Amino acid sequence: MFSIPLAWLQLKREKVRLLVALAGIGFAVILMFLQLGFQDALFESAITLHRNIEGDIFLISPQSTSLIAMKSFPERRLYQSLGFAGVKSISPIYIGFGIWKNPFWQGPPAPQTRSILVIGTNPGDDIFAVPGVPENRSKIRLTDVVLFDSASRLEFGPVSEKFKALSPSDPAIRTEVESRRIEIGGLFRLGASFGADGNLITSDLNFQRIFPSRDPSLIDVGVIKLEPGANLEATLERFKNLPGERRVDPNKKPEETKEDFIVGDVRVMSKAAFVAFEQNYWKDSTAIGFIFTLGAAIGFVVGTVIVYQILYTDVADHLAEYATLKAMGYKNRYLLSVVFQEALILSVMGYIPGYILCVGLYNLTRNATSLPLAMTLSRGILVLCLTILMCVISGAIAVRKVQQADPADIF
Amino acid sequence: MANDSIIDIQAVNHYYGSGRLRKQILFEVTTSIEPGEVVIMTGPSGSGKTTLLTLIGALRSTQEGSMRVLGQELLNAPERELVELRRNIGYIFQAHNLLNSLSARQNVQMSIELHSDIPKVRSREMAESMLSAVGLGEWVNQYPSELSGGQKQRVAIARALVCNPKIVLADEPTAALDKKSGRDVVEIMQNLAKKQGAAILLVTHDNRILDIADRIINMEDGRLTSLEVSPA
């Protein structure tokens with residue numbers, strides 16, 4: 001029955017209308033791609049640091065909710081875990097927010113100070129897989145020397161440009177963090193995230209100097225590396241021997257609780273669970289997930305309305321022709337299939353330019369914001385499915401008009 | 001004799017509207033049409049000609065009386081059977097009602113595609129030879145917007161006749177045409193229908209074409225008032 005592709009021929013006949021329809025659908029596709037892409041990128045940016053810490057098991061306080069809201073716990077727990085079989089090394093990490101003074105401040109109205117994330121770690125431990133850290137790690141052994149994140153926001157001052165322009169004879173860049181004089185010893189590249197606009201890495205001792213009120217025996221993250229070949233699950237099992245009662249989140253599945261549980265005053269997590277812990281915080285306990293999902297939903301609704309308008313006008317224009325087809329003996333089903341074919345053709349044809357444009361927009365945004373934004377296969381498929389669904393819904397509304405085509409009216 | 005008739009109408013009444021607005025359009029219409037017969041139905045506007053045509057063509061459900069078309073009773077027939085029956089009837093409308101997005105050949109093929117057993121190549125050949133028969137052999141790939149009124153009506157005739165229907169129903173096919181092309185269209189229709197042995201029921205106001213009829217019936221105020229044999 002389909003040797004004449006009526007749906008395609010009907011669409012092709014009205015070229016301007018077809019182009020408008022494709023532009024509308026492409027717009028909806030782009031809107032959905034951008035909203036979902038930004039959401040993923042922001043979630044991704046929140047866990048850049050987590051991904052770049054080289055460790056297999058992480059200890060945090062059960063009261064910590066995210067990187068920006070860490071509660072410290074006794075360093076003793078980390079040393080206790082050194083006794084478990086399979087554990088190769090341990091490294092404590094101190095995390096704190098300090099007030100940074102812009103060394104190149106140009107006066108009001110811009111404020112001179114801004115809160116910056118300070119990470120303290122043992123300079124002998126190679127735990128940051130961030131470009132710039134391994135080369136410069138030894139410099140933070142010196143008193144009050146820090147490494148500055150060159151991808152920090154511009155509000156902290158043009159530190160990285162000035163640092164790169166320094167000649168060996170020039171004096172080092174000095175400024176204040178928490179009113180403590182410090183010196184920039186080198187640069188690394190991590191990037192701003194939701195919570196932190198900029199980052200500093202320094203030694204555990206320098207961290208104590210910047211935050212003298214902090215108790216050095218309380219740390220924020222414990223990083224544990226396993227022996228090569230050690231079984232992660234079996235080693236995690238041994239952590240249940242830490243002092244205190246073992247508790248698990250009742251909302252988690254049993255296999256998840258193997259990699260994420262609480263013993264006494266520490267929460268023990270695999271690296272995957274540590275990353276998920278941060279991501280879930282932003283997804284579930286902030287407005288971000290909701291906002292971007294709403295944005296994508298609006299794109300979906302806009303697309304549905306556009307496709308419906310196009311299909312409805314198309315059906316209304318061809319109503320006499322459809323009635324004629326019915327008079328000739330075509331069934332309603334045939335006409336319905338024509339409308340749905342039109343919807344499918346529109347969705348696929350609108351998706352392709354939308355996809356291509358979006359890859360370009362992703363590149364543009366990535367360069368402008370340094371957010372980790374890229375097209376992924378799963379998002380591509382998700383949006384394609386949404387586009388098809390969108391067109392099918394519009395088609396389902398528009399076909400009601402086809403059923404009105406009465407062959408008796410055309411005589 | 002009644003059993004041989006291709007269309008047999010007995011005491012058909014038809015009403016529009018409901019309740020107090022209910023209005024009777026057809027009154028006790030009784031007639032029959034034999035295979036191969038060319039019947040012209042005349043009458044003033046609003047007399048119910050088109051209503052009768054749509055009843056015969058199974059485009060409306062028969063309400064009262066007996067309506068047998070191609071041996072099938074249409075009174076109380078389910079919608080599915082009506083749709084099936086329509087495939088065996090050729091319709092020619094006042095407006096050509098061609099699909100504007102299809103070429104002349106594709107328009108004719110739409111009619112052939114209803115008979116799913118015909119392969120695509122054969123369907124093209126049938127459509128093209130039918131278009132040649134109506135004198136449009138040179139125009140098979142033109143779209144309706146590129147054809148004149150008479151040519152469009154000829155495409156519509158080709159579409160109606162390509163599957164050798166036993167009945168052709170035409171509603172004022174010449175209304176929008178000038179004298180010459182109107183005459184051409186009717187003659188083409190008559191010749192082809194005769195060749196295929198199809199009965200034609202033609203509704204018209206056009207006195208210039210009455211001579212092609214075997215029989216003329218007249219409808220007035222919902223009643224078939226006269227039955228006369230045509231002079232020719």
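We name chains A, B, ... by the order of the sequence lines, and we start the count at 1 in each one. None of these values were measured; they are calculated from a predicted model.
Inter-residue side-chain proximity for B:R87 and A:Y330 is flagged as unmet; no heavy-atom pair is nearer than 4.5 Å. The side-chain heavy atoms of B:V83 and A:N332, taken from C-beta on, include no pair separated by under 4.5 Å. B:M110 has its side chain within reach of A:M328: a pair of non-hydrogen atoms, C-beta onward, lies under 4.5 Å apart. Using a 4.5 Å cut-off on side-chain heavy atoms (C-beta onward), B:Q106 and A:L9 make contact. For the pair A:L6 and B:E113, the minimum side-chain heavy-atom distance is 4.5 Å or more.
Residue B:R159 touches chain A through its side chain alone, counting heavy-atom pairs closer than 4.5 Å.
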For a quick test of your reading: what N or O donor-acceptor pairs under 3.5 Å do the side chains of residues 371-398 of chain A make, sequence neighbours left out?
residue : atom : partner : partner atom : Å
A:T376  : OG1  : A:R379  : N            : 3.3
A:R379  : NE   : A:D40   : OD2          : 3.2
A:R379  : NH1  : A:Y362  : OH           : 3.0
A:R379  : NH1  : A:A374  : O            : 3.1
A:R379  : NH2  : A:D40   : OD2          : 3.1
A:R379  : NH2  : A:A374  : O            : 3.4
A:T387  : OG1  : A:V383  : O            : 2.6
A:S394  : OG   : A:T304  : O            : 3.1
A:S394  : OG   : A:M390  : O            : 2.8

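No side-chain donor-acceptor contact under 3.5 Å links B:N97 and A:E321.
For CH2 of A:W282, the number of neighbouring non-hydrogen atoms (other residues, nucleotides, ligands) closer than 6.0 Å is greater than 12. By the neighbour-count criterion of 12 heavy atoms within 6.0 Å, atom CZ of A:F340 is densely surrounded, having more than that number from other residues, nucleotides or ligands.
A cation-pi arrangement is present between A:R13 and B:Y143 under the rule of less than 6.0 angstrom and at most 45 degrees off the ring axis.
Judged as a side chain to side chain donor-acceptor pair (under 3.5 Å), not a single pair has a partner in residues 342-352 of chain A (not counting sequence neighbours).
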